[in-house]
Amino acid sequence: MNQSKYSLVVLRVTMGIIFITHGVARLYYKSVVDFGNYLDSKGFMIGLTIAWTITIGEIISGSLLALGIKVRYCIIFHTLIIATGLVLVHLPNGWFVVGHGTGGIEYSILILVVLFVLFTAKHKSVSAS
């Protein structure tokens with residue numbers, strides 16, 4: 001495995017862990033219902049169902065991503081979630097996550113770029129999806 005492939009593995013595993021922790025944190029802090037209520041307030045009629053789908057999806061898909069299984073399907077799932085969160089939550093807060101603003105889009109943009117790089121990479125092992 002050459003250096004660029006190691007770099008892609010590090011990116012893939014790191015992103016998987018980040019997604020897993022988002023879902024696990026929502027379970028640990030018992031905030032799935034709050035997330036569902038937020039989605040309802042944004043016009044989604046089945047906010048709680050969506051919140052549970054996203055939470056469980058982050059854990060399962062994040063795990064698969066970290067393991068290199070069905071990588072492209074996982075990336076599509078996470079891209080949809082991150083892009084929606086970017087528009088609904090972060091875009092109204094501007095660019096910066098901290099410092100010159102709070103809750104902005106810069107982190108979401110970085111995640112989307114990493115997901116794009118991973119999606120366009122060639123996956124030859126169990127991740128060939």
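These numbers come from the heavy atoms of this one structure, side chains and all, not from hydrogens, waters or symmetry mates.
Cluster membership check: L48 shares its hydrophobic cluster with L27, using side-chain heavy-atom separations under 4.5 Å among Ile, Leu, Val, Met, Phe, Trp and Tyr. If you chain together hydrophobic residues whose side chains sit under 4.5 Å apart, V117 and L86 fall into the same group. I54 and I60 sit in two unconnected hydrophobic clusters of ILVMFWY residues. Membership requires side-chain heavy atoms under 4.5 Å apart, directly or through other members. Hydrophobic cluster membership is shared by I82 and F96, with clusters built from Ile, Leu, Val, Met, Phe, Trp and Tyr side chains linked at under 4.5 angstrom. Transitive grouping of hydrophobic side chains (ILVMFWY, heavy atoms separated by less than 4.5 Å) keeps Y73 and I81 in distinct clusters.
In the hydrophobic clustering (ILVMFWY side chains linked at under 4.5 Å, chained through shared members), V10 stands by itself.
When every heavy atom of L8 is checked against every heavy atom of L118, the shortest pair comes out as O-CD2, 3.6 Å. When all heavy atoms are compared, the tightest approach of G47 to D40 is N-OD1, 2.8 Å. Across all non-hydrogen atoms, the minimal contact from H78 to S61 is NE2-OG, 3.1 Å. In plain terms, the two heavy atoms of F19 and G62 that are nearest each other are CB-CA, 4.1 Å. The heavy-atom pair separating I69 from C74 by the smallest distance is O-SG, 3.7 Å. Taking each heavy atom of F77 and T53 in turn, the nearest pair found is CZ-O, 4.3 Å.
Going from atom CZ of F44 over to atom OG1 of T49 covers 13.0 Å, rounded to the nearest 0.5 Å. Atom-to-atom distance recorded for K5:NZ and R12:CZ is 11.5 Å, nearest 0.5 angstrom. Note that CD1 of I75 and CE of M15 are 9.5 Å apart. Values are rounded to the nearest 0.5 Å. The structure places OG1 of T120 at 10.5 Å from CG of L115, a figure rounded to the nearest 0.5 Å.
Remark: side-chain polar atoms of S41 are paired, donor with acceptor, to backbone N or O of Y38 under 3.5 angstrom. With hydrogens and angles disregarded, no donor-acceptor distance shorter than 3.5 Å links the side chain of R26 to the backbone of S31. The closest donor-acceptor contact from the side chain of T14 to the backbone of L11 lies at 3.5 Å or more, if one exists at all.
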Please list, one pair per line, the donor and acceptor atoms closer than 3.5 Å that link side chains of residues 106-114 to other protein atoms, with sequence neighbours excluded.
residue, atom, partner, partner atom, Å
E106, OE2, V97, N, 2.7

Item checked: Verdict with reasoning, I76 to F119, per side chain to side chain contact (heavy atoms under 4.5 Å, CB included) -> CA-CA 8 Å; I76 291 168; F119 188 84; 4.0 Å; yes

